[in-house]
Number of protein chains: 2
Amino acid sequence: MKLQLHIEMNEALYLRNPESSELGKNIIKHSIELIYQHGFESFTFKKLAESIGTTEAGVYRYFENKHRLLIYIVTWYWGWLEFQIRFQTNNLKDPAVRLRKVIKLLASTVEDDERTSYVNEALLHQIVISEGSKAYLTNHVEEDNKHQFFKPYKDLCSLVGDIIAECNPKYKYPKSLASTILEMAHFQNFFMHHLPSLTDFAKSKDETKIVAFLNDLVFSSIKY
Amino acid sequence: MKLQLHIEMNEALYLRNPESSELGKNIIKHSIELIYQHGFESFTFKKLAESIGTTEAGVYRYFENKHRLLIYIVTWYWGWLEFQIRFQTNNLKDPAVRLRKVIKLLASTVEDDERTSYVNEALLHQIVISEGSKAYLTNHVEEDNKHQFFKPYKDLCSLVGDIIAECNPKYKYPKSLASTILEMAHFQNFFMHHLPSLTDFAKSKDETKIVAFLNDLVFSSIKY
DNA sequence: CATAAATGATAGCTTTACTATCTTTTTAAA
DNA sequence: TTTAAAAAGATAGTAAAGCTATCATTTATG
């Protein structure tokens, strides 16, 4: 039996549900490949359409614009990651053990999840590292936020924040520490590969060191 | 006597030095105002030219494209901030006191510096918060990095990293902690204002709390 | 089998991003 | 003070991006 995994998406993100058709799934699949290869700035609906073998108009029937599509795939990732975290930390009683697990999941290389046929999580993880913050770093954040576009990100953040609070209920900044971990798991990775002098991992380019750094940061702060 | 402040810029960033003429200075001044108002995505050389009262071609004589201009103003800010930090921490012997001062300077509202006539640091600070990471989050980071475009950012980071190392020479991650502080000083500010549930400062929207959070984070980590 | 829904094909329009050319003005050296 | 070269202004034009509209054809679904 093959298991399937489904991430529920915000309906306001799309005009037509990309999960509902082959074309829709191809839009997601090829977007991930193209954005991974060429970056979000040089990604266009025309190139996407060509890569799929459809037309620009075809893509526009699913997504209003490329920014919405970026939010779609990035929040898909956050939704998927929250599921991974909940699954992998299930039944772990000690919150510190859970927190360690979470940090590892946040900062380690991701492998393609076979249960999701049209999403390559390995590529998507790289996209989230390089383009993820562009999802909200816009002049229309607040509008997008009103549409609940960032809910999966906030949910994930709040999940991590809750574990932190469980480790030390007196720690004053569980949410900020959670968002710091999330962002830094990605930024330190980006820096390590592209601007290595901003990190202490230049030589080895070893992700486990990012995990170690984040663990040290978090457990020193919460004084568990 | 009026003091003037001059930040040395990387020559590869521009085609013609914007400091060398009135038009050039206007390009910087109006860029800052327009990007602050409408965001980098909707900022165009056409709009900029109109706002100055020149033509698109006029702007293109100074900057190859708007991304280079963004790097220019953002690295200008980093250069200016490094100067501020060096000035304000001068003669402070205790590295922990210096570090506290640095964190405060990084995470507090900036006021317009009267010594720089065509740059409004208050607006520029907001731009760096919202658009700063877009300077390097591109597919051409490595190329840009070879041109030394990010040197001012790295220098600032390394200055902070050195102070951390001075506080505790045994601490293993001075550079990563430094880049974490720099990024989080901005991201927590952005979150506090636009996605408040990602922080613990939602109610008060008080920047001094970001400073307190960062101080706690840093001094817990380095165990000074 | 009918019919609604989705897709394909094509066209077109506005804006962005950029280059070229020629004229006029400003600046700076002879 | 003249003179040439550098900068700025004016104008035009091109390719690509971003988007909408229309109509024919194919594919689901009741």
Side-chain angles (χ1 to χ4, degrees), chain A residues 9 11-31 34-35 37-73 118 131 134-135 138-140 143-144, chain B residues 9 11-31 34-35 37-73 118 131 134-135 138-140 143-144:
Chain A
M9 296 299 293
E11 293 184 11
L13 271 173
Y14 50 76
L15 301 170
R16 184 173 297 166
N17 191 345
E19 292 171 297
S20 70
S21 69
E22 276 312 301
L23 178 57
K25 288 173 194 165
N26 268 322
I27 288 173
I28 302 306
K29 184 182 152 91
H30 286 80
S31 293
L34 287 179
I35 297 175
Q37 268 185 58
H38 307 294
F40 183 63
E41 272 67 42
S42 65
F43 167 78
T44 70
F45 276 5
K46 184 135 193 240
K47 289 177 195 165
L48 174 60
E50 269 160 27
S51 140
I52 297 171
T54 183
T55 58
E56 238 182 315
V59 179
Y60 276 105
R61 283 188 189 113
Y62 282 82
F63 288 96
E64 225 173 293
N65 55 54
K66 71 172 185 166
H67 190 257
R68 290 276 166 105
L69 206 170
L70 178 69
I71 299 181
Y72 185 97
I73 64 171
Y118 56 95
E131 323 284 356
K134 294 174 193 168
T138 66
N139 242 38
H140 46 87
E143 225 184 297
D144 289 353
Chain B
M9 297 298 294
E11 294 184 10
L13 270 173
Y14 50 76
L15 300 170
R16 183 173 297 167
N17 191 345
E19 291 170 298
S20 70
S21 70
E22 276 312 301
L23 179 57
K25 288 173 193 166
N26 268 322
I27 288 174
I28 302 306
K29 185 182 152 89
H30 286 80
S31 292
L34 286 179
I35 297 176
Q37 267 185 60
H38 308 295
F40 183 63
E41 271 68 43
S42 65
F43 168 78
T44 70
F45 277 5
K46 183 136 194 240
K47 289 176 194 165
L48 174 60
E50 269 161 26
S51 141
I52 297 171
T54 182
T55 57
E56 241 182 311
V59 179
Y60 275 105
R61 282 187 189 114
Y62 283 82
F63 288 97
E64 224 173 293
N65 55 54
K66 71 171 187 169
H67 190 258
R68 290 275 166 108
L69 206 171
L70 178 69
I71 300 182
Y72 184 96
I73 63 170
Y118 56 95
E131 324 285 355
K134 295 174 192 167
T138 67
N139 242 38
H140 47 87
E143 226 183 296
D144 289 353

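Below, read A as the first sequence line, B as the second, and so on, with proteins coming before strands; counting in each chain starts at 1.
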Query raised in the report: Of B:Thr54 and A:Lys66, whose closest DNA chain D nucleotide lies nearer the 5' terminus?
Result: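 Result of the comparison: B:Thr54.
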
[X] to [Y] - nearest heavy-atom pair and separation:
X	Y	result
B:Leu13	B:Tyr72	CD1-CA, 3.9 Å
B:Arg68	B:Asn65	N-OD1, 2.9 Å
A:His67	A:Asp144	CE1-OD2, 3.8 Å
B:Thr55	B:Ala49	C-CB, 3.4 Å

Base, sugar-phosphate, or nothing: which does [X] touch, judged by heavy atoms less than 4.0 Å apart?
X	answer
A:Tyr62	sugar-phosphate
B:Lys46	nothing
B:Thr44	sugar-phosphate

Whole-Å distance separating the [atom1] atom of [X] from the [atom2] atom of [N]:
X	N	atom1	atom2	answer
A:Arg16	C:dA6	CZ	C1'	6 Å
B:Leu15	C:dA20	CG	P	13 Å
A:Ile52	C:dT7	CD1	C1'	12 Å
A:Phe40	D:dA17	CZ	P	14 Å
B:Tyr60	C:dA20	OH	P	13 Å
A:Lys25	C:dA6	NZ	P	15 Å
B:Leu48	C:dT15	CG	P	18 Å
A:Glu22	C:dA6	CD	P	15 Å

Query raised in the report: Is B:Glu41 salt-bridged to A:Lys134, cutoff N-O under 4.0 Å?
Result: no

From the options [options], select the nucleotide whose nearest atom is closest to the side chain of [X].
X	options	result
B:Glu56	C:dC22, C:dC18, C:dA9	C:dC18
A:Ala57	C:dT19, D:dA21, D:dA17	D:dA21
B:Asn65	D:dA21, C:dC18, D:dG18	C:dC18

Report task. Respond yes when some side-chain nitrogen or oxygen of B:Thr55 is under 4.0 Å from OP1 or OP2 of D:dA10, and no when none is. Result -> no

